[in-house]
Amino acid sequence: MSIAIRQMEDKDVEEVVSLEASSFLHPWPRKEVLYELHENPCALVYVAEEKGTIVGYIDFMITFDSATISRLAVAALTRKKGVGTLLLTRLLEICCAQKEEPVEWVTLEVRRSNEAALALYKKNGFREVTVKKGYYDDGEDAIYMIRSVIA
Ligand SMILES: CC(C)(COP(=O)(O)OP(=O)(O)OC[C@H]1O[C@@H](n2cnc3c(N)ncnc32)[C@H](O)[C@@H]1OP(=O)(O)O)[C@@H](O)C(=O)NCCC(=O)NCCS
C-alpha cells in the first residue's frame with residue numbers, strides 16, 4: 001500500500017465530503033468542509049491519498065501551544081492498515097515544526113462508544129484526562145484525551 005499524506009486541495013472536496021458521510025453519525029456537510037479548508041484561519045487539513053483516491057483525512061487546529069483534532073476519518077475499506085496512524089504522525093510532525101510558537105500538546109474529544117478511535121489514540125500515546133458528560137448533541141459523553149507533542 002502506497003499512501004501519500006498531503007495538504008487538502010479544492011479538488012479533494014467531494015471525496016472528503018463522501019468520506020465524512022460514510023464515517024460519522026453526524027457528518028459535516030460540504031459547507032463545513034469548505035469552511036475548514038478556506039475560512040478557518042487556524043485549521044490545517046491533510047488527506048491520505050492512495051493511487052489518486054482519498055482514503056483518509058485529518059482536520060486540526062493549532063492555537064498557541066496546543067493542537068486540537070477536529071476530524072479524523074479513514075475509508076471503511078482501508079481501515080486497520082495504518083492510515084489513521086500515518087495521519088496522526090503527520091500532525092505530530094507539523095506540531096514539531098512550529099518553532100516560533102512551539103506546540104506542546106495535542107488534544108481531542110472522542111465518543112465514549114468509539115472503540116476503534118479510542119484504541120488508535122491510546123496506541124499513539126494519548127491518555128484520557130476527563131469525561132465530558134453529554135458533550136455530543138445526542139447526549140453521548142466525550143472522552144477528552146491529550147498527549148504531549150514530544151512523547
Ligand atoms: C478511528 C479510525 C480513524 C482508525 O483509522 P485506521 O486507519 O483504521 O487506524 P490504524 O490502522 O492506524 O490503527 C492503529 C491502531 O488503532 C487500533 N484500532 C484501529 N481500529 C480498530 C478497531 N476497529 N478496533 C480496535 N482497535 C482498533 C489498533 O490498536 C490499531 O493497531 P493494530 O492494527 O496494530 O491493531 C477509523 O476507524 C475511522 O475512520 N473511523 C470512523 C471515523 C471516526 O470514528 N473517527 C474518529 C473520530 S474521534
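Since this is a predicted model, take the numbers as computed values, not measurements. Just so you know, ligand 1 is whichever comes first in the structure, and atom 1 is the first atom listed for that ligand. Nothing fancy with the numbering, it's 1 onward along the sequence.
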Return all side-chain donor-acceptor pairs below 3.5 angstrom for residues 115-124, not counting sequence neighbours, or 'none' if the list is empty.
| from | atom 1 | to | atom 2 | distance (Å) |
| --- | --- | --- | --- | --- |
| K122 | NZ | E128 | OE2 | 3.1 |
| N124 | ND2 | L120 | O | 2.9 |

Original post:
Under 4.5 Å between any side-chain heavy atoms of D12 and R6, yes or no?
Top reply: yes
**OP:** Please write down residue, atom name and distance for the protein heavy atom closest to atom 7 (O) of ligand 1.
**Re:** G84 N, 2.8 Å
**OP:** For T85, take its heavy atoms, then give the atoms of ligand 1 lying under 4.0 Å from any of them.
**Re:** 10 (P), 12 (O), 14 (C)
Subject >> Heavy atom of the protein closest to atom 5 (O) of ligand 1 (residue, atom name, distance) >> reply: V74 CG2, 3.6 Å
**OP:** Give the atoms of ligand 1, by number and element, whose distance to some non-hydrogen atom of A117 is under 4.0 Å.
**Re:** 1 (C), 46 (C)
Original post:
Any idea which part of R79 is under 4.0 Å from ligand 1, heavy-atom wise: side chain, backbone, both or neither?
Top reply: both
Original post:
Is E49 close to I3 at the side-chain level, that is, under 4.5 Å between some pair of heavy atoms?
Top reply: no
**OP:** Return the residue, atom name and 0.1 Å-rounded distance of the protein heavy atom closest to atom 42 (C) of ligand 1.
**Re:** S23 O, 3.6 Å
Original post:
Considering distance alone, does some N or O of N114 sit under 3.5 Å from an N or O of ligand 1?
Top reply: yes
Subject >> Any N/O pair L72/ligand 1 closer than 3.5 Å >> reply: yes
Subject >> ligand 1 atoms in contact with G82 (distance to a heavy atom under 4.0 Å) >> reply: 10 (P), 11 (O), 12 (O)
**OP:** Check the pair T78 / E50 against side-chain hydrogen bond (donor to acceptor under 3.5 Å, both in side chains), numbers first and verdict last.
**Re:** CA-CA 10 Å; T78 317; E50 184 189 29; 4.8 Å; no
Original post:
Under 4.5 Å between any side-chain heavy atoms of D138 and H26, yes or no?
Top reply: yes
Original post:
What about K123: any of its N or O atoms under 3.5 Å from an N or O on ligand 1?
Top reply: yes
Subject >> Which atom of D59 lies closest to which atom of A43, heavy atoms considered >> reply: OD1-CB, 3.9 Å
**OP:** Find all atoms of ligand 1 within a distance of less than 4.0 Å from any non-hydrogen atom belonging to L120, and give their numbers and elements.
**Re:** 4 (C), 9 (O), 12 (O), 13 (O), 14 (C), 16 (O), 17 (C)
Original post:
For atom 18 (N) of ligand 1, what's the nearest protein heavy atom and its distance?
Top reply: A116 O, 3.8 Å
**OP:** Give the single entry among S70, A119, P27 that approaches atom 27 (C) of ligand 1 most closely by any heavy atom.
**Re:** A119
Original post:
Any idea which heavy atoms bring E36 and S70 closest together, and the distance?
Top reply: OE1-OG, 4.4 Å
**OP:** Please say whether more than 12 non-hydrogen atoms of neighbouring residues, nucleotides or ligands are located less than 6.0 Å from NZ in K11.
**Re:** yes
Original post:
Does E115 have a non-hydrogen atom less than 4.0 Å from ligand 1?
Top reply: no
Subject >> Polar atom proximity, V110 to ligand 1 (N or O, under 3.5 Å) >> reply: no
Subject >> Nearest protein heavy atom with distance in Å, relative to atom 48 (S) of ligand 1 >> reply: Y121 OH, 3.4 Å
Original post:
What atoms in ligand 1 come closer than 4.0 Å to a heavy atom of K81?
Top reply: 11 (O)
Original post:
Which of the atoms in ligand 1, numbered in the order shown and given with their element, are less than 4.0 Å from a heavy-atom of A73?
Top reply: 39 (O)
**OP:** Could you walk me through whether E109 and Y136 pass the side-chain hydrogen bond (donor to acceptor under 3.5 Å, both in side chains) test, one step at a time?
**Re:** CA-CA 10 Å; E109 282 98 11; Y136 294 101; 5.9 Å; no
Original post:
Mind checking whether K80 has an N or O less than 3.5 Å away from an N or O of ligand 1?
Top reply: yes
Subject >> Test side-chain contact (heavy atoms from CB on, under 4.5 Å) applied to I62 and I94, step by step >> reply: CA-CA 10 Å; I62 293 182; I94 291 162; 4.3 Å; yes
**OP:** Would you mind telling me if ligand 1 is within reach of the side chain of Y57, the backbone, both or neither, using heavy atoms under 4.0 Å?
**Re:** neither
**OP:** Answer yes or no: does atom CZ of F24 have more than 12 heavy-atom neighbours from other residues, nucleotides or ligands under 6.0 Å?
**Re:** yes
**OP:** Applying side-chain contact (heavy atoms from CB on, under 4.5 Å) between T85 and each of L87, T89, V83, report the one that passes.
**Re:** T89
